[in-house]
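Notes for the one structure printed next.
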2 protein chains.
Amino acid sequence: MSDVAALAGVSKMTVSRVLAGSGVAPATRERVQRAIDELGYVADAAAGALSSGRSAFAAVLVPSLASSNFSDTVRGLTAALEPQGLQLLIGDTDYDLEREERLVRSMLRHQPRCIALTGAQHTSGTRELLLRSGVPVVEMWDLPTSPIDAAVGFSNAKAAREMVRYLVERGYRRIGFLGGASELDRRGLERLKGYLQEVKMQGLGEPRVVRLGESPITMSHGAPALDALLHQWPDTDAVMCVSDMSAFGAIMQCRRRGLSVPGDIAVAGFGNFEVAACCAPTITTISVDAYGIGTRTGEALLAALAAQDGAAGATRASARKSVKIDFSVIARESA
Amino acid sequence: MSDVAALAGVSKMTVSRVLAGSGVAPATRERVQRAIDELGYVADAAAGALSSGRSAFAAVLVPSLASSNFSDTVRGLTAALEPQGLQLLIGDTDYDLEREERLVRSMLRHQPRCIALTGAQHTSGTRELLLRSGVPVVEMWDLPTSPIDAAVGFSNAKAAREMVRYLVERGYRRIGFLGGASELDRRGLERLKGYLQEVKMQGLGEPRVVRLGESPITMSHGAPALDALLHQWPDTDAVMCVSDMSAFGAIMQCRRRGLSVPGDIAVAGFGNFEVAACCAPTITTISVDAYGIGTRTGEALLAALAAQDGAAGATRASARKSVKIDFSVIARESA
DNA sequence: TTGAAAGCGCTACCAA
DNA sequence: TTGGTAGCGCTTTCAA
């Protein structure tokens, strides 16, 4: 920066002002800009952060980047935060709460302005780190009973119940559920819980649950789970799956077994992934606006930052609100 | 840090050493650690970076986080770099070279130790920024003719040619190609180029190419492209697709049209995505080790950093080597 | 509108 | 093994 200042014949302070875009005479500004371009100067963000006491980072933690659900959410966050000059610091927890804590600690070292986490469950260490840091936090994809700050999500249990009701309305009675195996995937467990509640409520008899393998749930979970379900309960007339991924795997397995979908057995998914719209048959599913969760989270984060800047009295508690995201059953061919 | 030092009854320097893990007497170390825990102290990475002149960041740019290809590569990079204490700074270029340049500039402000880019094509501004920064660079997923530093990838054209040869061996002659529409997706264009070369080489007559819509190629591109292909060349006996995504869409469309795969028409994909293994029929494809590209890139980056530390004479040129990643045709049911 | 000085929190370096 | 000092490259604050 000294070099730039010398070349432009101004002080470092003026260069700093040009970079920040604040009150500099147009002529001076242009001279400085020319010097910057000529030298290929790139300002050091670490020095700026240290000096000003505020970084330009926003931290985001998702369980998996490979899931289109979460990568859509990250895109939404990017869309909301990047125009405000925030740089995303993205971390992949791999559905591991210990790893989440390590990542939170590591990200906190960079003094992020705000942080977005996935889910309502975290280690006590994570909560403590976050609380101590004083950084605005938004939890996504769930509606925690005791949120750290704010939350943007929906009730996975309610969504699953809605799907059961949809299937019942369509005349299905012997409904199975594939998924919810892993303690790590709380959202999957919530969906299972919703299924169990509604099966009881509707008096559909004994629940028919096949718990699949590890998170994240992938397409390949679907086939063996369907086989297991039909082995134990051969008269099952509909299956709902914890995710469109496993629903797809199940449908392909039906095809291999010579079962028609939904003629012999109906199959429903969750998430409205691309495969649900493209598969033949198209897959009935729950649509959730993953991208919207990202943008809404971004907005909540920005609001918290604005509150911080504005009223010094704006307490953490005042920002503690939940944004409920809509979901809906998308009726397609498979159920 | 002063607070921690005071509480532990040592100097700041000793606290710094405990954090860095270097020569401190066990008793002192423990005392300091207790103080750290008690105060919930989290070191400021920006100050450390400024002081030491080196950050703990490794920058990564991929065209899209939603593609499992690239998210696998990011996982591989994480696996290689995180154990070395490097924190990934992940950016999503959205297949936009201008955006890539902006992201590179923005990341360079954080003084990353090294940077991984996707593809061989970049704006001249990007190249200049990178060259000037002096940071080790690895380009992934391609083998550039004039790499910036090092590269880890494969020839997408050669891979496509191998697929054409495979189809010819299987007796197909009237082979179409779906994809390669967007100038933005250089790897898709390379695959198209390989198809065209091999079709000529094998004397298969007029090429049958349907260029699909925008990047990234998704499942929904497959159906309309297949329709267009069969409309223009109804006697086509095999289709190769620029990606498993579109291959899947094409196969589902065949099903809707009552065409059996591969009986009436063979379909091949590219990338060995999960859907290729789970679809019925399973999809013949080109397998590329996306995760391995990530780990190999990470290793190349670490080697460059080690060289930097070691011999001061280690020039940029000395690191300029390409790592060739293997690919292979996975023969499955669809072709 | 511009400049000068102080200092952010840490680590490199040298000394004890 | 430990401590003191200097300074990293910026922004804040105040003065001109």
Side-chain angles (χ1 to χ4, degrees), chain A residues 1-33 35-36 39-57 85 87 105-113 132-134 309, chain B residues 1-33 35-36 39-57 85 87 105-113 132-134 308-309 312:
Chain A
M1 186 181 262
S2 301
D3 297 347
V4 174
L7 182 57
V10 296
S11 74
K12 287 199 304 178
M13 231 6 265
T14 302
V15 177
S16 176
R17 289 195 183 100
V18 170
L19 258 30
S22 54
V24 176
T28 318
R29 163 181 299 280
E30 198 174 325
R31 203 145 37 88
V32 171
Q33 192 57 57
I36 288 175
L39 295 174
Y41 168 71
V42 177
D44 181 332
L50 179 59
S51 180
S52 68
R54 51 165 49 186
S55 77
F57 284 123
Q87 160 93 241
R105 187 183 304 275
S106 146
M107 288 184 166
L108 246 22
R109 290 168 39 84
H110 298 285
Q111 319 271 75
R113 297 286 297 286
R132 270 182 143 137
S133 74
D309 287 353
Chain B
M1 187 181 260
S2 300
D3 297 348
V4 174
L7 182 58
V10 297
S11 73
K12 287 201 303 179
M13 227 15 257
T14 301
V15 177
S16 175
R17 288 194 185 102
V18 169
L19 258 31
S22 53
V24 177
T28 317
R29 162 179 303 277
E30 199 175 324
R31 204 145 34 87
V32 171
Q33 190 59 55
I36 288 176
L39 295 174
Y41 167 72
V42 177
D44 182 333
L50 179 58
S51 180
S52 67
R54 50 165 51 186
S55 77
F57 284 124
Q87 159 94 242
R105 187 183 306 277
S106 146
M107 290 185 164
L108 246 21
R109 289 169 37 83
H110 297 286
Q111 319 272 72
R113 297 286 298 284
R132 269 182 144 136
S133 74
Q308 244 178 13
D309 287 353

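Keep in mind that this is a model prediction, so the values were computed, not measured. Numbers restart at 1 for each chain; the letters A, B, ... are given by sequence-line order, proteins then strands.
- The side chain of A:Thr14 lies closest to C:dG3 when the candidates are C:dG3, C:dT11, D:dG9.
- In this structure, the nucleotide among D:dT11, D:dT2, C:dC8 sitting nearest to the side chain of A:Leu50 is C:dC8.
- The CZ-C1' distance, from B:Arg109 to D:dG9, rounds to 12 Å in whole Å.
- At least one side-chain nitrogen or oxygen of B:Ser11 sits closer than 4.0 Å to the OP1 or OP2 atom of D:dG3.
- Distance from the side chain of B:Arg17 is smallest for D:dG3 among the nucleotides C:dT11, D:dG3, D:dC14.
- You'll find that the side chain of B:Val10 is closest to D:dG3, out of D:dG3, C:dT1, D:dC10.
- For B:Ala25, the side-chain atoms get nearest to D:dT1 when compared with the rest of D:dT1, D:dC10, C:dC10.
- Summary of the strand contacts: B:Thr28 and A:Ala20 both lie near DNA chain D, and taking for each the nucleotide with the nearest heavy atom, the more 5' one is attributed to B:Thr28.
- With distances taken from any side-chain atom of B:Ser51 to the nucleotides C:dC10, C:dC14, D:dC10, the minimum falls on C:dC10.
- Contacts of B:Ala49 with the nucleic acid, taken as non-hydrogen atoms under 4.0 Å apart, are absent.
- A sub-4.0 Å separation between OP1 or OP2 of C:dC10 and a side-chain N or O of B:Tyr41 is present.
- The aromatic rings of B:Phe57 and B:His110 sit perpendicular, their planes meeting at an angle over 60°, well past the 30° parallel limit.
- Of the candidates C:dC10, D:dG4, D:dT11, the closest approach to any side-chain atom of A:Ser52 belongs to D:dT11.
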